[in-house]
Amino acid sequence: MRQIIENLVSGIVQQLQSDGTLQAGDLPEYKVERPRDETHGDFATNAALVLSRFAKMKPRDLAQKMLAALPANQKEVDRWEVAGPGFINFHITSDRIRQLIPDILQMGQSYGSSKMGSGKRVLIEFVSANPTGPMHVGHGRGAVMGDAIASILKVTGHTVEREYYINDAGNQVGVLGWSVMMRYHELFGCSITMPEGCYPAQYVVEIAKALRDQDGNRWLNVELDMSVSPPIEVVDFAMDTIMGWIRGELATINILFDNWFSERTLHADGKIEATIGELTKKDLIFEGVLAPPKGKLPDDWEARPQLLFKSTKYGDAEDRALKKSDGSATYFAADIAYHFDKAQRGYDLLIDVWGADHGGYVKRVQAALTALTDKNNLLEVELVQMVNLVRGGEPVKMSKRDGTFVTLKEVVDEVGSDAVRFIFLTRSGGASLDFDLELAVSKSNDNPVYYVQYAHARIHAVYRQLQEKGLDKSLGDGGGDLSCLTLDAEMSLIRALGTYPEMLEGAAINREPHRVPYFLIDLASAFHTYYNSHRILEDDKVLLAARLSLINAVRQVLANGLTLLGVSAPERM
RNA sequence: GCGCUCGUAGCUCAAUCGGAUAGAGCAACGGCCUUCUAAGCCGUAGGUUACAGGUUCGAUUCCUGUCGAGCGCGCCA
């Protein structure tokens, strides 16, 4: 619908350029947008404000002149005016607005999808929680956020793949292996003390028990010497167990990945050395000594020469280490090899969703990727702020170290997948989020998901009533005369339906999933208002059919939006 | 000390890549169920958008500075 007005305005601008009112050549961009205030029409443009300098006229005068150039044969706009400092407001005809109802019903599940991103291949990497323990609520927020961004990009025409990067190499994995070994020995009656840095939590005991059940005392004679690697079978057993939990937990909140990418394969396939080789070719590698860190200096700090990447050349604050002083690859080296691999797979855009605590890491990865691909904006990182878990006003502390963290599973078990997803998404990713368990458990309006789902269920209830009265539900298929829909509540409800595709495009462009739940809440609110003051099941058959069609379209859009967010759309509650 | 993300009603948050009179929910107060689901609706009240400048037709939005919060700052991941 916006397209109609955009075409109209650009036609007028061209005409004014050709008759000399406006300068020829390139002009600054103007916008056609939805006014905040409905009395300002369906669309407004700031064209006269932006272009007035190029016509040497006052904005309002130019606006008048533009309106005079409005083609006489168009049928969509029935009223327009110059307003405020020089905005032009367009009011769409009521018939054109009502036409949205059959349009939406005909498109069904596909209403809202667009071709905006067609031809664009996007890889979105998210969660990527370490396989050293269950996911906590912070991971859950990143998971839901990444999944929603992926869904929104997909519905706006992008080709999207979801990927999980498994950090199955490095020290932490060895630490996990030894932690399991300690608990395993403990199960056989050995007295042990968990060394500093190990994972003491209960889940490690569970893994140890499972290991004992599978292998008996097979590992009992292995010496607990943390200066060497633990048995690889034990490490793999622990990681496989944990990844099984993670996959299961993700599945319960409706998240499925296309690819699971193992860090080990990077080492095994020589991709890290190959990537360092690429950087060497570009003369971006050197042996150097890093400056001591700012702030409080670690006790054991000492300057050592290492292999470094010149990331300062690409805007990073420091050069970054690719190899440790013992010659092994750093996590960073593996990570740029991973991102280089993604780039070589031919995507047009890479999106990573990270926790905000990794914010300081963004520049160096982008720097490396720019150096390797000569592309500037290939990698985009969305930072998701942390979740403060609250129970009855008291903050719940979360830490992997002391083992008191609350897992995502516990929260999902308590409040359900729908509420978890919806609450996580009803916040912009940039803001930290207080998640109150008591509040989320209470089935009150504090859970906005109920509000939206209830609107959807109510519409189904009306249809059930309809059938009890022996009337045919096809009355609401949008085929009848809709001109009896004249109430303000009806027109603004239809207008709201019409903004759904634009809202989705905005959410996609800005990577802002929270716009979807806000839209749904607004739509549900408009519906509840209408429902409370007007009967749908009227005796007048024409009016009945029109109103049924209207709420049927509302039902369709609510269902589309909820489904997009991975939240269920129940038919009764 | 430096970097990143923020600062909007009592609380939790919105505000369409700079737009018109900054909006919702919760909490408070007052109304609406013999009629399609009251998990709902209607009304009242609540603001110097942290602060001070700058950019322009116009700033919650962009720039600079101050204050405050969270996160990060050697070879960990």
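Predicted, not measured: the structure shown is a model, and the values here were computed from it. The chains referred to below are lettered A, B, ... by the order of the sequence lines, with proteins before strands, and numbering in each begins at 1.
If you check every strand for non-hydrogen atoms under 4.0 Å, S428(A) touches sugar and phosphate atoms only. At the heavy-atom level, E302(A) lies under 4.0 Å from base atoms of the strands shown. Base contact: Y361(A) has a heavy atom under 4.0 Å from a base atom. At a threshold of 4.0 angstrom between heavy atoms, the contacts of H534(A) include nucleobase atoms, whether or not backbone atoms are also involved. Contacts of A457(A) with the nucleic acid, taken as non-hydrogen atoms under 4.0 Å apart, include base atoms. Residue contacts for Q385(A): at a heavy-atom cut-off of 4.0 Å it reaches the sugar-phosphate backbone alone, with no base atom in range. Heavy atoms of D37(A) sit nowhere under 4.0 angstrom from any nucleic acid atom. Counting any heavy atom pair closer than 4.0 Å across all strands shown, R535(A) reaches a base atom. Contacts of A83(A) with the nucleic acid, taken as non-hydrogen atoms under 4.0 Å apart, include base atoms. Backbone-only contact: L290(A) has heavy atoms under 4.0 Å from sugar-phosphate atoms and none from a base. Within the nucleic acid shown, G506(A) has no heavy atom closer than 4.0 Å to any nucleic acid atom. Counting non-hydrogen atoms under 4.0 angstrom, Y531(A) reaches a base of the nucleic acid. Nucleic acid contact class of D168(A) (heavy atoms, under 4.0 Å, all strands): none. In this structure, A291(A) reaches neither bases nor backbone, as no heavy-atom distance under 4.0 Å exists between it and the strands shown.
U64(B) sits 24 Å from A20(B) when the P atoms are compared, rounded to a whole Å. Taking atom P in both G43(B) and C71(B), one finds a spacing of 42 Å when rounded to whole Å. One C1' atom belongs to G72(B), the other to U66(B), and the distance between them is 23 Å to the nearest Å.
The side chain of K31(A) contributes no N or O atom lying less than 4.0 Å from OP1 or OP2 of G58(B). Within the 4.0 Å cut-off from OP1 or OP2 of C42(B), at least one side-chain nitrogen or oxygen of T529(A) is found. A sub-4.0 Å separation between OP1 or OP2 of U16(B) and a side-chain N or O of R36(A) is present. Checking the phosphate oxygens (OP1, OP2) of A38(B), a side-chain nitrogen or oxygen of R458(A) falls inside 4.0 Å. Taking side-chain N and O atoms only, Y451(A) has a distance below 4.0 Å to OP1 or OP2 of C41(B).
Nearest-nucleotide positions on RNA chain B place L433(A) closer to the 5' end than the other of L433(A) and I88(A). Checking S325(A) against A317(A), the closest nucleotide of RNA chain B that is more toward the 5' end is the one next to A317(A).
Base-pairing analysis of RNA chain B finds the following stems of at least three consecutive Watson-Crick or G-U pairs, with both pairing distances under 3.5 Å: B:1-7 with B:67-73, B:10-13 with B:23-26, B:28-32 with B:40-44, B:50-54 with B:62-66.
Ring stacking is absent between H40(A) and G19(B), as the pair misses the limits of under 5.5 Å between centres and under 30 degrees between planes.
Under the side-chain contact (heavy atoms from CB on, under 4.5 Å) rule, I351(A) has a single partner from L153(A), V381(A), L379(A), which is L153(A).
Annotation: proximity of residues 509-519 of chain A to RNA chain B (heavy atom, distance under 4.0 Å) is found for N510(A), H514(A), R515(A), Y518(A), numbered in ascending order.
Under the side-chain contact (heavy atoms from CB on, under 4.5 Å) criterion, N377(A) pairs with no residue at all, not counting sequence neighbours.
Of all the heavy atoms in I149(A) and P513(A), the pair that sits closest is CG1-CG, 3.5 Å.
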